[in-house]
Visitor: 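Supplied in C-alpha cells, the structure appears directly below.
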Amino acid sequence: MKIFHTADWHLGKIVQGVSMTKDQQFVLEQFIEEIRKEKPDVIIIAGDLYDRSVPPIDAIQLLNKTLKEILVDEKTPILAIAGNHDSATRLNFGSEFMKASGLHIVGHLEQNIDPVIMHDEYGEVHFYLVPFAEPSIVRAVFDDQSITSHEAAMAKIIEQIKQTMDYTKRNIIIGHAFITKDGMPEPNTSDSERKLTIGGTECISSALFEPFCYTALGHLHQAHFVANEKIQYSGSPLKYSESEVSHNKGFLIVDLKEDGTVAIEKRLLTPIRDMRVVTGMLEDILQHKVNDDYVFVKLQDEHYVKGAAELVRTVYPNALHIERTVVYEQLEQHATTMNRVQMDDSELFELFYTEMTGKPLSDEIKEIYTEVLEQLIENEREKQEVL
C-alpha cells in the first residue's frame, strides 16, 4: 500500500504579519500533482490542518478546495485528525456522512477507537485515528483519574486500542503529539509550534507505539523518525519561522509491505519563495541583488542606522524581521531578556515570582498556578468552540 503522510499545514498561518495562504496554496497544488502522478492508496493528514481554532475564510476555502480535488477529482481517500491548533468540533462536524466520500476525519477522542479499514493486494490495513486531546480530556473520556500527563493519556489510548486490535493485520496509528525516544524532554524542532502542556513534560515515549507497523505523526515541524524508521514525523509543508530556515520541507511517501515493514521516501515541495536568514553590515547587504525571499535580517552594524528597515526592503521587499545584532560582548541582562523569548508561560511565571519575592517558587504554588492556567485555557477553547 502506498501512503502519503503529511501534517501541520497550519492553513491561515500568519508569519510576522504576513499571510501564508498563497504560499500554502502553491505547495498544496504541488502535493495534489504528486497524487496525480504517484496514485497513492490513501492520504494521511496528522493534525493541525488549520493554524487556529477559528480560521480565516481564505484558509477554510483552501482546505475545501484541496480536499475536494483529492477526494472527488483524484478519488483518493483521506485519513485526518485534529491537532492542538485545530478546533476539534469544527473538524468533527459532518464526519459521519463524509466517510461515504472517503474523508475519514476525527476531531474528538472517543472511548471506542474503531479502525478505518483499507485494503490492498495483500489484505486489510487497519488505521487508528487518534486526535490531539489534553490529559484532562482523556481522563474524562475514560473516567480514569490517574491520567495526569500526556504520556499517561497516550498509554491509556493505546491500551484501549490493543484490547480489540487484530494482530494478524497490519496496524497503523495516526497521532499528534510530542514523541521522543525514551519519553525524555527534547527541544522542539520549531519555535512556531506552541507547547502542548503547561508545566511538566509533554513528551511521550516511542516505546508505546511498538505494536504498530507504522506511526504517522504530526506536531513537530521538522521531518524525522523517532527511535526507528516506523515512527515518523512528516514535518510541515512550509517553513513557518526563523527556527525552520534550515528545514527541507515536503511530505513522506510510505510503502507498506505485505509483512508490515515500511520503506520511506521523503518528497520535497518547492515554495514560491524561500525563508532564510541574511546576516551582514547594512552597506554590504545593500549590494545584494534584489530578492523576494522571506528573510530575517541580522544587521551587524555596531551603531543605529536611521531608516535601516526601509533601506533593507529595497533589496529584500519581503523581509519579515530586521534587527541589529550587537557585535561586542552582550550584557548579562540582554542575554536574560533573549532567553525569556524562548520561555513558556509557566517558566516566565516562575522567573517573575523569584524576581518579585527573592524566593524560589514552591511546588504548592506551582501546582495552583498550573491548575488555574489550564482552566483559563480550557475556558478560552470552549468560548472559541461556541463561536
Side-chain angles (χ1 to χ4, degrees), residues 46-48 53 79-96 99 104-117 126-167 169 171-180 183 194-212 215-219 345-346 363-364 366-386:
D48 282 354
S53 58
L79 309 179
I81 61 171
N84 61 303
H85 283 252
D86 296 310
S87 163
T89 300
R90 280 183 169 79
L91 289 188
N92 217 64
F93 175 77
S95 58
E96 286 302 314
K99 290 178 182 178
H104 301 266
I105 188 165
V106 178
H108 291 295
L109 177 70
E110 297 183 356
Q111 192 173 91
N112 296 320
I113 306 174
D114 298 321
V116 175
I117 300 175
H126 292 199
F127 294 84
Y128 292 90
L129 281 62
V130 180
F132 172 77
E134 298 280 2
S136 60
I137 299 298
V138 182
R139 185 165 59 242
V141 168
F142 293 103
D143 191 22
D144 186 342
Q145 297 307 306
S146 69
I147 298 172
T148 58
S149 68
H150 283 271
E151 175 153 293
M154 185 62 74
K156 184 68 177 184
I157 291 168
I158 293 177
E159 174 189 326
Q160 187 74 10
I161 290 172
K162 288 165 64 178
Q163 289 180 9
T164 57
M165 191 165 75
D166 186 345
Y167 287 88
K169 304 298 190 246
N171 296 288
I172 290 175
I173 187 170
I174 304 169
H176 192 90
F178 197 152
I179 313 302
T180 61
R194 62 176 177 242
K195 279 197 169 188
L196 299 177
T197 188
I198 292 103
T201 177
E202 58 189 335
C203 299
I204 298 169
S205 173
S206 62
L208 291 176
F209 301 91
E210 184 58 34
F212 302 96
T215 299
L217 295 170
H219 179 56
D345 292 335
S346 60
D363 291 339
E364 181 182 3
K366 188 182 298 185
E367 185 176 346
I368 293 172
Y369 166 77
T370 300
E371 290 178 359
V372 171
L373 189 55
E374 284 181 341
Q375 187 59 55
L376 287 172
I377 291 174
E378 186 63 30
N379 291 344
E380 184 63 27
R381 283 179 176 168
E382 289 177 358
K383 289 179 183 178
Q384 291 177 338
E385 296 286 356
V386 172

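Along the sequence shown, residues carry numbers from 1. The structure displayed is predicted, hence computed values, not measured ones.
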Visitor: How many angstroms lie between CG in L217 and CD1 in I204, if you round to the nearest 0.5 Å?
Guide: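 If I round to the nearest 0.5 Å, the distance is 9.0 Å.
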
Visitor: If you take all heavy atoms of Y128 and D166, which pair is closest and at what distance?
Guide: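 Taking Y128 first and D166 second, the nearest heavy atoms are OH-N, 4.4 Å.
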
Visitor: Is a donor on one side and an acceptor on the other found under 3.5 Å between the side chain of H176 and the backbone of A46?
Guide: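 Confirmed, H176 side chain pairs with A46 backbone.
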
Visitor: Could you walk me through whether I113 and V106 satisfy the side-chain contact (heavy atoms from CB on, under 4.5 Å) test, starting with their C-alpha distance in whole Å, then the side-chain angles of each, then the deciding distance to 0.1 Å, before giving a yes or no?
Guide: CA-CA 10 Å; I113 306 174; V106 178; over 6 Å; no

Visitor: Can you tell me how far CG of L109 sits from CD of E134, rounded to the nearest 0.5 angstrom?
Guide: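 So the CD of E134 and the CG of L109 are separated by 12.0 Å.
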
Visitor: Can you find a pair of side-chain heavy atoms, one from T215 and one from I179, that are under 4.5 Å apart?
Guide: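 T215 does not reach I179 side chain to side chain.
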
Visitor: Between E151 and L208, is any pair of side-chain heavy atoms under 4.5 Å apart?
Guide: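 E151 vs L208: side chains touch.
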
Visitor: My understanding is that only residues two or more places apart in sequence, or in another chain, count here; which of them pass side-chain contact (heavy atoms from CB on, under 4.5 Å) with K99?
Guide: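 Testing K99 for side-chain contact (heavy atoms from CB on, under 4.5 Å), a comparison that skips the adjacent residues, returns E96, H104.
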
Visitor: Quick check: does any side chain N or O of D86 sit under 3.5 Å from a backbone N or O of A88, one acting as donor and the other as acceptor?
Guide: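 Answer holds: no.
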
Visitor: Can you find a heavy atom in the side chain of N84 that is under 4.5 Å from one in the side chain of F178?
Guide: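 N84 does not reach F178 side chain to side chain.
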
Visitor: If you look at every heavy atom in I172 and F212, which pair is closest and at what distance?
Guide: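 Result for this residue pair: C-CD2, 4.2 Å.
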
Visitor: Grab the two heavy atoms, one from R139 and one from T148, that are nearest each other, plus how far apart they are.
Guide: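 Closest approach of R139 to T148: NH1-CA, 4.0 Å.
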
Visitor: By salt bridge (charged side-chain N to carboxylate O under 4.0 Å, His left out), which residues pair with E110, not counting sequence neighbours?
Guide: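 Not a single residue meets the salt bridge (charged side-chain N to carboxylate O under 4.0 Å, His left out) criterion with E110.
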
Visitor: Report the distance from atom CG of N92 to atom NE2 of H108, rounding to the nearest 0.5 Å.
Guide: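 Here the interatomic distance stands at 5.0 Å.
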
Visitor: How close do S53 and S87 get, heavy atom to heavy atom, and via which atoms?
Guide: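 Scanning both residues completely, I find the closest heavy atoms to be O-CB, 3.4 Å.
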
Visitor: Sub-3.5 Å donor-acceptor pair from the side chain of D48 to the main-chain atoms of H219, do we have one?
Guide: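 Judged by distance alone, no pair lies under 3.5 Å.
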
Visitor: Please give me the minimum heavy-atom distance between P211 and M165, naming the atom from each residue.
Guide: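 Closest pair (atom of P211, atom of M165, distance): CB-CE, 3.7 Å.
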
Visitor: Within this structure, what is the CD1-CZ distance for the pair I173 and F127, rounded to the nearest 0.5 Å?
Guide: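 The distance works out to 12.5 Å.
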
Visitor: Nearest 0.5 Å, what's the CG-CD1 distance between L129 and I81?
Guide: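 Those atoms lie 6.5 Å apart.
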
Visitor: If you take all heavy atoms of M154 and A177, which pair is closest and at what distance?
Guide: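 Between these two residues, the closest heavy atoms are CE-CB, 4.2 Å.
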
Visitor: Is the ring pair F132/H150 parallel, tilted or perpendicular, if the boundaries are 30 and 60 degrees?
Guide: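 Aromatic pair F132/H150 classed parallel.
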
Visitor: In Å, rounded to the nearest 0.5 Å, how long is the span from CG of D114 to OG1 of T164?
Guide: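 It is 6.5 Å, given to the nearest 0.5 Å.
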
